[in-house]
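In the text below, chain A, chain B and the rest are named by the order of the sequence lines, each starting its count at 1. In this text, all values refer to a predicted model and were calculated from it rather than measured experimentally.
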Amino acid sequence: MKAQSANTTTESTIQNDFIRQIIAEEVKTNKNEEQVVTRFPPEPNGYLHIGHAKSICLNFGIAAEHEGRQCYLRFDDTNPSKENLEYVESIKTDVHWLGYDWGDRLRHSSDYFDQLYDYAIALIKMNKAYVCSLTTEQIKESRGTLRDQGKNSPYRDRSISENLDLFERMKAGEFADGEQVLRAKIDMASPNLNMRDPIIYRIKKMPHQMTGEKWCIYPMYDFTHCLSDAIEGITHSLCTLEFEDHRPLYDWILDTLKTPRHPQQIEFARLSLNYTVLSKRKLQELVENNLVSGWDDPRMPTLSGMRRRGYTSSAIRDFCDRIGVTRKNTQIEMGALENCIRKDLEAKTVRVMAVLKPLRVVIENYSEDQVEQLDAPNHPDDASMGTHQVPFSRVLYIEQEDFLEAPPKKFFRLAPGREVRLRYAYFITCQAVIKDEKGDIVELRCTYDPETRGGSAPDGRKVKGTLHWVSESHAIKAEVRLYDRLFNHPNPGADGSDFKAALNPNSMEVLSDTLVEASLANAQAGVRYQFERKGYFCVDPVDSSKEALVFNRIVTLRDSWAKIEKANKRA
RNA sequence: UGGGGUGUAGCCAAGCGGUAAGGCACUGGGUUUUGGUCUCGGGAUCCCAGGUUCGAAUCCUGGCACCCCAGCCA
């Protein structure tokens with residue numbers, strides 16, 4: 001049996017956020033005769049990030065909790081100038097990886113272009129929409145400001161037949177981009193800017209990733225989204241807070257067109273994480289300026305980046321469960337995310353030894369030609385995970401930071417004359433320190449106690465420190481990439497400066513002389529390990545090969561010695 | 001002195017008139033062949049001010065702070 005509690009990743013906490021409460025109440029009072037249906041509606045104009053994961057978990061999660069289990073994956077592709085198929089594919093990959101399946105409910109807003117066009121015609125016929133011939137600047141001017149109401153367009157009272165004709169000609173390509181737009185006729189005096197005769201169709205003479213050359217007019221988000229929801233039979237249209245002001249328009253369109261269904265829009269706060277940025281625009285900027293290696297750079301908060309880094313989807317789902325869903329703008333600490341991945345990996349990961357920054361150790365009383373295979377459990381608290389063997393010999397390497405000539409208080413590791421345990425092996429005592437001409441330590445001469453094989457002394461004597469190690473002649477050289485937070489400011493760019501100025505120059509440290517234990521010879525791409533005492537690592541799926549292993553550090557272990565060290569320095 | 005939102009511990013977050021859950025972080029102890037894990041313990045009177053009530057984080061009034069909105073982006 002595992003020592004830790006069972007509900008780390010398999011059982012998720014029962015969620016009862018305000019949205020689920022609303023839905024539960026409605027189900028109870030049978031408001032929706034149909035079942036609960038949701039949708040995740042990304043625009044394919046970038047890669048998904050951890051913020052999208054929150055929405056995915058919410059939408060697919062809620063659907064899964066109700067009869068029918070329906071959640072659509074809908075690409076909101078109404079702007080061909082920003083969208084492309086590469087993004088579509090990456091989004092599908094990421095949603096699946098996160099553990100969700102849309103079944104046969106894959107849709108594009110562009111699937112509805114014909115219906116949307118008909119709805120626009122209907123609006124015109126109801127005298128609720130008109131073609132406006134004002135220029136972009138004129139529309140902007142007449143819209144008014146936050147304080148002052150707008151002015152009616154001189155084209156607002158065109159006849160229905162003229163509007164029908166003009167709209168038809170817009171569709172036929174008779175006008176240039178920007179020359180005409182279709183606007184909903186609502187109220188230019190509304191205090192809500194979205195209601196001041198919003199544009200619902202614009203001319204864009206460019207091919208669309210899905211519909212090709214068929215259209216040169218494209219519907220705007222506000223017109224498209226509510227109708228797409230209605231067409232699909234979405235019952236609850238969950239979106240982020242900035243769309244709150246759009247809800248009256250969402251409702252106006254559906255009410256005015258008397259759609260058979262009227263989904264309910266509910267807004268929640270988007271995720272914000274400190275020490276990173278979660279905005280497709282900013283992430284794209286990092287990619288385009290080569291400040292990271294790509295959308296899947298392991299330092300990126302994108303799902304593809306986190307996946308490559310070694311994050312598990314279960315940890316991300318757990319994270320989304322823990323942060324909750326509210327209407328409060330908050331900033332979550334990176335530590336909360338790290339806690340989730342540590343917790344997940346703690347239970348699942350095989351323990352191995354890897355010396356990141358090696359220091360040579362010669363065991364003087366161990367014969368040169370001897371090699372012992374020592375048993376090492378794969379997991380200290382889960383015998384069912386089995387064991388593996390690690391070779392021990394006369395020349396070893398330990399971590400440089402595990403030896404100090406002049407150890408401070410509470411330093412339990414190796415020092416001249418001190419005895420420590422080599423994990424799963426023997427107690428060793430440092431007898432001499434060898435330095436080069438510059439005075440740098442290059443080697444330690446130690447002795448071992450043959451009686452302590454396996455790591456405990458028959459006489460009952462204790463040692464405070466246990467070090468990880470590798471055997472020189474058996475170890476495998478590997479590259480290790482130590483990742484740290486991408487930014488060194490909790491809220492990059494918040495003070496009005498360029499967010500890129502807050503980039504952490506030390507967000508990646510590449511170690512090329514790392515030595516890993518022999519059992520890692522066949523480490524497969526994407527597999528995660530715990531390097532004992534150092535952290536969780538993942539075989540890089542892109543750059544690693546059997547000949548040249550590359551490991552990414554997913555996250556460090558909690559390090560209480562680092563805290564003591566810090567406190568020592570302060571004192 | 002336009003409209004829409006939000007304010008519970010350092011960070012999240014329950015609470016829905018009956019006397020402040022939980023998690024993360026921090027911190028103290030125990031266990032431990034990872035200074036890991038596990039485990040036990042420690043912190044708030046709920047933005048402020050009035051009011052209603054036997055009783056308010058929860059209701060009312062008035063403030064204050066912060067966020068969002070003036071793309072032919074989503």
- prompt: Would one find a side-chain N or O of Arg327(A) under 4.0 angstrom from OP1 or OP2 of U6(B)?
  reply: yes
- prompt: What interatomic distance, in whole Å, is found between C1' of U19(B) and the corresponding atom of U32(B)?
  reply: 42 Å
statement: Contact string for nucleotides 63-73 of chain B, one letter per nucleotide 5' to 3', B = base within protein heavy-atom range under 4.0 Å, S = sugar-phosphate only, - = neither, reads ----SBBBSBS
field: Phosphate OP1/OP2 of A74(B): any Arg281(A) side-chain N/O under 4.0 Å
entry: no
field: N or O in side chain of Gln21(A) less than 4.0 angstrom from G15(B) OP1/OP2
entry: yes
field: Cationic N near anionic O, under 4.0 Å, Arg74(A) to Asp229(A)
entry: yes
query: Between U61(B) and G10(B), how far is it from one P atom to the other, in whole Å?
result: 30 Å
field: Phosphate OP1/OP2 of U34(B) contacted by Thr466(A) side-chain N/O (<4.0 Å)
entry: no
message: My understanding is that only residues two or more places apart in sequence, or in another chain, count here; which of them pass side-chain hydrogen bond (donor to acceptor under 3.5 Å, both in side chains) with Asp449(A)?
response: Arg461(A)
query: To the side chain of Lys328(A), which of U34(B), U37(B), U8(B) is closest?
result: U8(B)
- line: Paired to U6(B) by Watson-Crick or G-U wobble criteria (both distances under 3.5 Å) is A65(B)
- request: Output, in order, the C-alpha distance, side-chain angles, deciding distance and verdict of side chain to side chain contact (heavy atoms under 4.5 Å, CB included) for Phe319(A) and Ile50(A).
  value: CA-CA 10 Å; Phe319(A) 172 72; Ile50(A) 181 81; 4.0 Å; yes
message: So if I take every side-chain heavy atom of Leu557(A) and compare against G23(B), U37(B), U34(B), which nucleotide ends up nearest?
response: U34(B)
- request: Ignoring backbone atoms, establish whether Lys343(A) has a side-chain N or O less than 4.0 Å from OP1 or OP2 of U37(B).
  value: no
